[in-house]
Colleague: 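If you scroll down you'll find the structure; I have some questions about it.
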Amino acid sequence: MQSTTEANGSRSTGIDTVRGLLVLGVILGHYFEITQGEGFPAWIGAGVRMPLFIGLTGYLFNLERARAASLMTLLRRQYPRLILPWAVACVVHTTVTNELHVGTPLSLLLWPPFHLWFVPVMMAFIVMATASRLSPATMLAIAIPVSIAAMYLLGVGHVPTSLYGWLPDRRFFIYPIYFFYGLYVAVRRPDAIRRAAAMVLAPLGFLWWCSLYDTPGIAAEAAAEIIGCLPMIYLLPVVRTIRIPLPGIATIGRNSLFFYLWHPMAFALWRLCSVEGAVLLALTIATLVILLPLLARHVSIARILGIAQRLPPAVPLPPAFDTPVRKPA
């Protein structure tokens with residue numbers, strides 16, 4: 001959920017729009033979880049939105065810039081744009097739910113509640129990529145067996161009830177494949193044949209995932225999610241070059257952290273007013289959309305809530321295959 005600013009200072013509306021659609025998918029999925037439980041509508045997006053979000057983060061992460069400075073410098077850069085808004089959301093969440101206790105800081109890092117897992121998991125991958133000094137290809141080669149083994153042990157969609165309670169959140173283990181594949185895609189020159197294959201495999205994997213709602217199986221779920229998501233991540237360089245005329249969705253994408261962190265609070269507040277059904281979903285999104293420009297006027301408030309700073313207007317980017325390829329570190 002970081003900035004999509006490219007090395008040349010321009011911004012991709014295609015990436016912003018995809019990220020906006022993803023965060024709207026997260027809100028929609030959580031709406032179904034809140035109102036209908038773990039039903040089929042919630043299942044549909046569960047195998048796509050967060051793996052793709054993780055892969056998008058890896059694709060956009062500037063590994064060379066991160067490795068050019070110290071790890072402490074990396075954390076200082078991430079603090080105002082990512083860590084601080086997450087910490088504020090954690091304080092609000094634990095206070096409202098009355099979960100604040102001595103062990104809360106450790107719990108929030110290793111076993112974050114509900115949607116708050118994303119930032120610790122993403123930061124763990126970022127720190128590993130920066131500190132390892134391995135090439136993206138090598139890191140991906142390590143991540144593939146680790147993630148697949150974790151999927152078998154800890155579950156993918158239908159999570160086993162007998163999870164090991166002493167382990168950190170399972171997404172630390174099952175999602176590295178997507179982050180490091182995003183890193184790998186960012187340094188590879190796109191191939192027309194592989195791109196065509198990705199366009200075929202992505203919908204097939206998604207349809208397979210949808211079919212597994214009533215027939216759970218660890219091997220099938222792992223395969224379906226990987227076959228559906230990795231091709232979509234491979235297509236991100238193509239998406240980056242597309243100028244999509246959906247400014248409202250792109251604005252949500254640029255401020256995806258704000259929408260991601262605070263939509264559960266908006267859900268809760270409207271439910272306190274006895275609002276239910278589709279109206280609950282519509283009012284939640286509308287509330288965040290209305291609050292966004294109002295809060296953005298106050299820099300200090302915007303910063304702690306995860307609202308992005310204003311960036312230069314988006315400009316079309318050259319095709320991915322004409323863009324200089326970043327050398328693997």
Colleague: I'd like to know whether E225 forms a side-chain contact (heavy atoms from CB on, under 4.5 Å) with E221, so could you lay out the CA-CA distance, the side-chain angles of the two residues, the decisive distance to 0.1 Å, and finally the verdict.
Modeller: CA-CA 6 Å; E225 185 179 89; E221 289 173 19; over 6 Å; no
Colleague: Given the rule in the side-chain contact (heavy atoms from CB on, under 4.5 Å) test, do L235 and R195 qualify, once you have shown the distances and angles that lead to the verdict?
Modeller: CA-CA 7 Å; L235 294 172; R195 188 186 302 138; 3.5 Å; yes
Colleague: Check F114, W262, F267 against H30 for a ring pair (Phe, Tyr, Trp, His ring centres under 6.0 Å) and give me the one that passes.
Modeller: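 Result: among F114, W262, F267, F114 is the only option passing the ring pair (Phe, Tyr, Trp, His ring centres under 6.0 Å) with H30.
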Colleague: Once rounded to the nearest 0.5 Å, what's the spacing between atom CZ of F180 and atom CD1 of I233?
Modeller: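 Interatomic distance, F180 CZ to I233 CD1, rounded to 0.5 Å: 12.5 Å.
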Colleague: For the CH2 atom of W208 and the CG atom of L204, what is their distance to the nearest 0.5 Å?
Modeller: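 These two atoms lie 10.5 Å from each other.
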Colleague: Measuring only between side-chain heavy atoms, which start at C-beta, is V156 closer than 4.5 Å to I174?
Modeller: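 No; the side chains remain at least 4.5 Å from each other.
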Colleague: Mind checking ring pair (Phe, Tyr, Trp, His ring centres under 6.0 Å) for F40 and listing every partner two or more places apart, or none if nothing turns up?
Modeller: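 Checked F40 against ring pair (Phe, Tyr, Trp, His ring centres under 6.0 Å); matches are Y213.
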Colleague: How about R303 and S300: does a side-chain donor come under 3.5 Å of a side-chain acceptor?
Modeller: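 Their side chains do not contain a donor-acceptor pair, so the 3.5 Å distance test is not met.
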Colleague: Using 0.5 Å steps for rounding, measure from the CD atom of Q78 to the CG atom of L82.
Modeller: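 Here the interatomic distance stands at 5.5 Å.
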Colleague: Could you please spell out the steps behind the side-chain contact (heavy atoms from CB on, under 4.5 Å) verdict for L201 and Y234?
Modeller: CA-CA 11 Å; L201 288 173; Y234 185 82; over 6 Å; no
Colleague: Enter the distance from L28:CG to R49:CZ here, rounded to the nearest 0.5 Å.
Modeller: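 It is 8.0 Å, given to the nearest 0.5 Å.
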Colleague: Dump the intermediate steps for side-chain contact (heavy atoms from CB on, under 4.5 Å) on L75 and V127, then the final yes or no.
Modeller: CA-CA 9 Å; L75 295 176; V127 169; 4.2 Å; yes
Colleague: Rounded to the nearest 0.5 Å, what separates atom CG in L280 from atom OG1 in T35?
Modeller: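 Nearest 0.5 Å value for the CG-OG1 distance: 7.5 Å.
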Colleague: State, with a plain yes or no, whether a side-chain heavy atom of M123 is found less than 4.5 Å away from one of I126.
Modeller: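 M123 vs I126: side chains touch.
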Colleague: So Y175 and W117, would you call those rings parallel, tilted or perpendicular, with 30° and 60° as cut-offs?
Modeller: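 Aromatic pair Y175/W117 classed tilted.
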Colleague: If hydrophobic clusters are built by linking Ile, Leu, Val, Met, Phe, Trp and Tyr wherever their side-chain heavy atoms come under 4.5 Å apart, do L236 and V200 end up in the same one?
Modeller: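 Unlinked, L236 and V200 end up in two clusters.
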Colleague: Would you please name every residue forming a ring pair (Phe, Tyr, Trp, His ring centres under 6.0 Å) with Y184, sequence neighbours left out?
Modeller: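 Result, ring pair (Phe, Tyr, Trp, His ring centres under 6.0 Å) vs Y184: none returned.
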Colleague: Shared ILVMFWY cluster between I301 and L288, side chains joined below 4.5 angstrom?
Modeller: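 In one cluster: yes.
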Colleague: Out of curiosity, M232 CE to L22 CG, how far, rounded to the nearest 0.5 Å?
Modeller: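 Reported to 0.5 Å precision, the distance equals 9.0 Å.
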Colleague: Looking only at atom types and distance, does a side-chain atom of Y31 sit under 3.5 Å from a main-chain N or O of A278, one as donor and one as acceptor?
Modeller: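 Answer holds: yes.
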Colleague: Between L60, L52, I54, which is the residue that forms a side chain to side chain contact (heavy atoms under 4.5 Å, CB included) with L56?
Modeller: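 Testing each of L60, L52, I54 against L56, the sole residue satisfying side chain to side chain contact (heavy atoms under 4.5 Å, CB included) is L60.
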Colleague: Taking the side chain as C-beta and beyond, is there a heavy-atom pair between L108 and W86 under 4.5 Å?
Modeller: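 Yes. Closest side-chain heavy atoms under 4.5 Å.
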Colleague: Report whether V289 and L292 are members of the same hydrophobic cluster (ILVMFWY, side-chain heavy atoms less than 4.5 Å apart, transitive linking).
Modeller: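 Yes, one cluster joins them.
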Colleague: Do you reckon M199 sits in the same ILVMFWY cluster as L230, going by side-chain contacts under 4.5 Å, direct or chained?
Modeller: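 No, no single cluster joins them.
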Colleague: If two hydrophobic side chains count as joined below 4.5 Å and joins carry through other members, does Y79 share a cluster with V88?
Modeller: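 In one cluster: yes.
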Colleague: Verify the neighbour count for atom CD1 of I193: are there more than 12 heavy atoms of other residues, nucleotides or ligands below 6.0 Å?
Modeller: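 At most 12 heavy atoms, drawn from other residues, nucleotides or ligands, come within 6.0 Å of this atom.
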Colleague: In terms of ring plane angle, is the pair H115 and H263 parallel, tilted or perpendicular, where the classes change at 30° and 60°?
Modeller: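 Correct class here is perpendicular.
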Colleague: Show the nearest heavy-atom pair for residues G253 and R19, with the distance to one decimal.
Modeller: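 Heavy atoms only, the tightest pair is O-NE, 3.1 Å.
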